[in-house]
Amino acid sequence: GDSVTQMEGPVTLSEEAFLTINCTYTATGYPSLFWYVQYPGEGLQLLLKATKADDKGSNKGFEATYRKETTSFHLEKGSVQVSDSAVYFCALRSKTSYDKVIFGPGTSLSVIP
Amino acid sequence: EAGVTQFPSHSVIEKGQTVTLRCDPISGHDNLYWYRRVMGKEIKFLLHFVKESKQDESGMPNNRFLAERTGGTYSTLKVQPAELEDSGVYFCASSQTTDQPQHFGDGTRLSIL
């Protein structure tokens, strides 16, 4: 079945460091890919998305590129801030699971001043 | 536009008791989804309503869980009787169509003692 794998962390970075959170997926066809973020005490928010191969999603300085050949959707940010501390979830929605979002386990990020 | 609203934000009950969670989707969203995250693991799909009909309830763990969406507006998820392993965060999401991104609520943190 469809699945998502991501580095679980926790990840601790200093402010202004470069961030990469790896995400790979298994799915039939061409799924839509998402990154969701959960800030402390808040709900899940859609951070960015990509719906076809080579699409780049971007938001708030974060980027992720849909790589069909490596079945990956790695999240990157050039310079993290303390306010980026949160749990990040990679997710997909495919034709075979059209009504449900399938999530990875989440990566906890802490950014220290 | 108001987002997805969930109530209560936190519920603490004893094993064997009954708890009912409520979700108010974004107005006009026909699709309503329930998910849960237990023990800090993946967020997993429970079920999907289209208006008042259950489209997919393949993720419901057992018959102690009952979801309803009378009138196609808000939804309730009842756990009866609650067991220790039901502890976790229960998320609700809604979307206008199944192709559009799902908008999540803040979740209900359920603690079973």
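By convention in this document, chain letters (A, B, ...) are assigned in the order of the sequence lines, proteins followed by strands, and residues within each chain are numbered from 1.
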Let me confirm one number: the [atom1]-[atom2] distance from [X] to [Y], rounded to the nearest 0.5 Å.
{"X": "A:K100", "Y": "B:K44", "atom1": "NZ", "atom2": "NZ", "answer": "11.5 Å"}
{"X": "B:F104", "Y": "A:Q45", "atom1": "CZ", "atom2": "CD", "answer": "12.0 Å"}
{"X": "B:E42", "Y": "A:S3", "atom1": "CD", "atom2": "OG", "answer": "9.5 Å"}
{"X": "A:R93", "Y": "B:Q102", "atom1": "CZ", "atom2": "CD", "answer": "6.0 Å"}

Flag side-chain contact, heavy atom, 4.5 Å: [X] against [Y]:
{"X": "B:H103", "Y": "A:L46", "result": "no"}
{"X": "A:P105", "Y": "B:K41", "result": "no"}
{"X": "B:F45", "Y": "A:F103", "result": "no"}

If you count the non-hydrogen atoms of other residues, nucleotides and ligands that lie under 6.0 Å from [atom1] in [X], is the total more than 12?
{"X": "A:K77", "atom1": "NZ", "result": "yes"}
{"X": "A:K68", "atom1": "NZ", "result": "yes"}
{"X": "A:E16", "atom1": "CD", "result": "no"}
{"X": "A:Y30", "atom1": "OH", "result": "no"}
{"X": "A:K52", "atom1": "NZ", "result": "no"}

Taking a hydrophobic cluster as the set of Ile, Leu, Val, Met, Phe, Trp and Tyr residues connected by side-chain heavy atoms closer than 4.5 Å, whether directly or through intermediates, do [X] and [Y] fall within one such cluster?
{"X": "A:F89", "Y": "B:Y35", "value": "yes"}
{"X": "A:M7", "Y": "A:F62", "value": "yes"}
{"X": "B:V12", "Y": "B:V38", "value": "no"}
{"X": "A:V4", "Y": "A:L48", "value": "yes"}
{"X": "B:V19", "Y": "B:M60", "value": "yes"}

Contacts of residues 70-80 of chain B with chain A (heavy atom under 4.5 Å):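 Near chain A, by residue number: none.
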Positions in residues 105-113 of chain B that reach chain A, provided some heavy atom is under 4.5 Å away: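 The list, in residue order, reads B:G105, B:D106.
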Option in A:T51, A:V87, A:L44, A:I102 with maximal non-hydrogen atom pairs under 4.5 Å from chain B: A:L44
Chain A contact via B:S58 - side chain, backbone, both or neither, heavy atoms under 4.5 Å: side chain
Toward chain B, the part of A:Q38 with a non-hydrogen atom under 4.5 Å: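 Side chain only.
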Polar side-chain atom of B:Y33 near backbone of A:V101 as donor-acceptor pair, under 3.5 Å: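 No, because the side chain of B:Y33 does not come within donor-acceptor range (under 3.5 Å) of the backbone of A:V101.
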